Amino acid sequence: MFRELPLVSGGVCVGRAEYEESQLHLWFRCRLPGRQEVCKLWLVGNGRRLLLGTPAPQGDGLYLERSLTHSSLKEAGVYPPERVELEMTQAGPDSERLQSSLPIRPSDPVIAAALAAERPGQWQRVGDRWQVAYPWQLGQPMPLLPLFCFARVRQGEVSFLLNDRGYPAAE
């Protein structure tokens, strides 16, 4: 049985969060209808916060589903959970300038903001797609975090293959 949690921003309810509890895990589902901007969701309990993650576009809004263990929640001091807080992610003052320098125009606002906020990558045309590569070593923050599951990791770099609309493309 799922239990509801307030999903708030500035004290105002902006979406729906719920969780289901088992002996080992808590499964969280968060929905932000009508929103498309990049944001982070934080789980709050006992006056402490734990990053739940970045919701992804789905349908007419944003959606996040995540499972965490009881022990990790207790260790972070957020058990039992009280609410989920939305925190806007700022792409920075130069995001329009950086986005206009990209060889593609991403259709998805989350991908567009991630590309604009990221340090400049090395772009090259690969057939009818674009590849963007960043220097990267294990232990460093992953570039283009919303696309991490599409990353191609090689020694000293990570790259992403995108179509002209900025969506991940198959090899």
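The structure displayed is predicted, hence computed values, not measured ones.
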Would you mind listing every ring pair (Phe, Tyr, Trp, His ring centres under 6.0 Å) that reaches into residues 140-171, with sequence neighbours excluded? none
Identify the residue among N46, V44, L43 that makes a side-chain contact (heavy atoms from CB on, under 4.5 Å) with P81. L43
Pairwise side-chain contact, E18 with R31, heavy-atom cut-off 4.5 Å (strictly under): no
Taking the side chain as C-beta and beyond, is there a heavy-atom pair between I104 and R165 under 4.5 Å? no
Using a cut-off of 6.0 Å, state whether more than 12 heavy atoms not belonging to E65 lie near its atom CD. yes
Which ILVMFWY residues can you reach from L161 by hopping between side chains whose heavy atoms are under 4.5 Å apart? V126
Is E87 salt-bridged to K40, going by a charged N under 4.0 Å from an acidic O? no
According to the ring pair (Phe, Tyr, Trp, His ring centres under 6.0 Å) rule, which pairs have a member within residues 17-47, sequence neighbours left out? Y19-F28, H25-W27
Cluster membership besides Y63, Ile/Leu/Val/Met/Phe/Trp/Tyr side chains within less than 4.5 angstrom, sorted by chain and number, is none
Output every pair passing salt bridge (Lys or Arg N to Asp or Glu O under 4.0 Å) with a member in residues 144-164, not counting sequence neighbours, ordered by first then second residue. R125-D164, R152-E171, R154-E157
Quick test of your reading: applying side chain to side chain donor-acceptor pair (under 3.5 Å), list the pairs with at least one residue in residues 134-146, sequence neighbours left out, ordered by first then second residue. none
Within-4.5 Å side-chain heavy-atom neighbours: L138 and V153: no
